[in-house]
Amino acid sequence: MSVQERKERERASRERLIVATARELAEQQGWDAVTTRRLAERIEYSQPVLYSHFRGKREIIGAVALEGAAEMAGALRAATSTTATATATATATATDEPRARVVALARAYLDFAADNPAVYDAMFQLDGGLAFAQEDTPEPLKDAFAALLETLGEVAGDDVHPALFTELFWASLHGLATLTRAGRLPPEDSELRVELLVDRLAVV
């Protein structure tokens with residue numbers, strides 16, 4: 001390995017450490033607790049080293065958001081793929097499989113939001129300097145939306161643009177996630193809300 005390759009690996013390793021530490025601190029104490037000084041102390045590097053990777057907290061939030069988007073896309077695809085396989089091996093009507101996949105997708109989305117609140121905030125609540133729905137939208141964000149579209153596009157209906165329907169369904173899931181987390185919705189009805197959302201919006 002050349003000196004340059006070793007330096008690049010070390011740099012990438014430090015960057016992963018900074019992002020992982022920021023996530024851990026944010027999940028434990030909230031994003032207000034994430035400062036460059038505290039991060040530098042935790043990772044045992046100087047603040048100038050940290051600033052050589054990220055210009056400030058905003059860029060760190062953006063990095064966490066991109067990592068979270070990739071993880072969410074994986075979780076959504078895993079949930080819908082597992083459901084499709086299970087449905088295919090069981091006796092089911094033609095409409096059972098799409099509905100089951102949409103329900104699985106909705107549950108996976110809400111579970112991700114509940115299990116990773118600080119990451120979810122970085123993705124959708126905080127300013128990480130990332131463009132959404134633009135030409136320069138980073139690939140992980142595009143892929144997270146694609147993971148929704150792959151399943152939801154099938155149940156949009158003949159006269160509805162699949163991407164528009166996906167945006168509407170996503171907005172509904174985001175509302176459920178944020179209102180439930182804020183204690184505005186009673187948690188015991190979570191499953192009923194998912195079923196109602198799927199039955200009223202999806203064409204299956």
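None of these values were measured; they are calculated from a predicted model. Note that these values count all heavy atoms, side chains included, but never hydrogens, waters or copies made by symmetry. Numbering starts at 1 and runs along the sequence shown.
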Closest heavy-atom pair and its distance - K142, Q134: CE-O, 4.1 Å
Partners meeting side chain to side chain donor-acceptor pair (under 3.5 Å) with W31 (sequence neighbours left out): none
Within 6.0 angstrom of R11 CZ, more than 12 heavy atoms from elsewhere: yes
What side-chain donor-acceptor pairs closer than 3.5 Å can you find for residues 13-21, not counting sequence neighbours?
unit_1	atom_1	unit_2	atom_2	d
R14	NE	H53	NE2	3.1
T21	OG1	L17	O	2.7

R58 side-chain N/O to G56 backbone N/O, donor-acceptor pair under 3.5 Å: no
side-chain contact (heavy atoms from CB on, under 4.5 Å) partners for D189, two or more places apart: P186, R193
Those residues that, when tested against D143, pass salt bridge (Lys or Arg N to Asp or Glu O under 4.0 Å) (two or more places apart): R77
All salt bridge (Lys or Arg N to Asp or Glu O under 4.0 Å) counterparts of R200, not counting sequence neighbours: none
Donor-acceptor pair, side chain of K57 and main chain of V34, under 3.5 angstrom: yes
Minimum side-chain heavy-atom gap L201-F165 below 4.5 Å: yes
T80 side chain near E150 side chain, heavy-atom distance below 4.5 Å: no
Heavy-atom side-chain proximity of F169 to L197 below 4.5 angstrom: yes
Under the side chain to side chain donor-acceptor pair (under 3.5 Å) test, residues paired with Q4 that sit two or more places apart: E8
Test salt bridge (Lys or Arg N to Asp or Glu O under 4.0 Å) applied to D121 and R181, step by step: CA-CA 11 Å; D121 282 350; R181 182 170 148 203; 2.7 Å; yes
With sequence neighbours excluded, residues passing side-chain contact (heavy atoms from CB on, under 4.5 Å) with E5: M1, S2
Joint cluster assignment, L25 & V49, ILVMFWY side-chain distance < 4.5 Å: yes
Value rounded to 0.5 Å, distance of CG in L50 from CD in E41: 11.5 Å
Joint cluster assignment, L196 & V204, ILVMFWY side-chain distance < 4.5 Å: no
A131 versus D136, closest heavy-atom pair with distance: CB-OD1, 3.5 Å
Residues which pass salt bridge (Lys or Arg N to Asp or Glu O under 4.0 Å) with E195, listed by chain and number, not counting sequence neighbours: R99, R107
Ignoring hydrogens and angles, write down the donor-acceptor pairs under 3.5 Å from the side chains of residues 170-177, residues two or more places apart or on other chains.
unit_1	atom_1	unit_2	atom_2	d
W170	NE1	Y109	OH	3.1
S172	OG	L168	O	3.1
H174	ND1	Y120	OH	2.6

Residues that N116 engages under side chain to side chain donor-acceptor pair (under 3.5 Å), provided they are two or more places apart: none
Could you tabulate the donor-acceptor pairs under 3.5 Å formed by side-chain atoms of residues 153-164, not counting sequence neighbours?
unit_1	atom_1	unit_2	atom_2	d
E154	OE1	R101	NH2	2.1
E154	OE2	R101	NH2	3.3
H161	ND1	A163	N	3.1

All side-chain contact (heavy atoms from CB on, under 4.5 Å) counterparts of Q28, not counting sequence neighbours: E24, R42
Distance, nearest 0.5 Å, that separates OG1 of T151 from CG of L105: 5.0 Å
Sidechain-backbone polar pair: E27 side chain, A118 backbone, donor-acceptor under 3.5 Å: yes
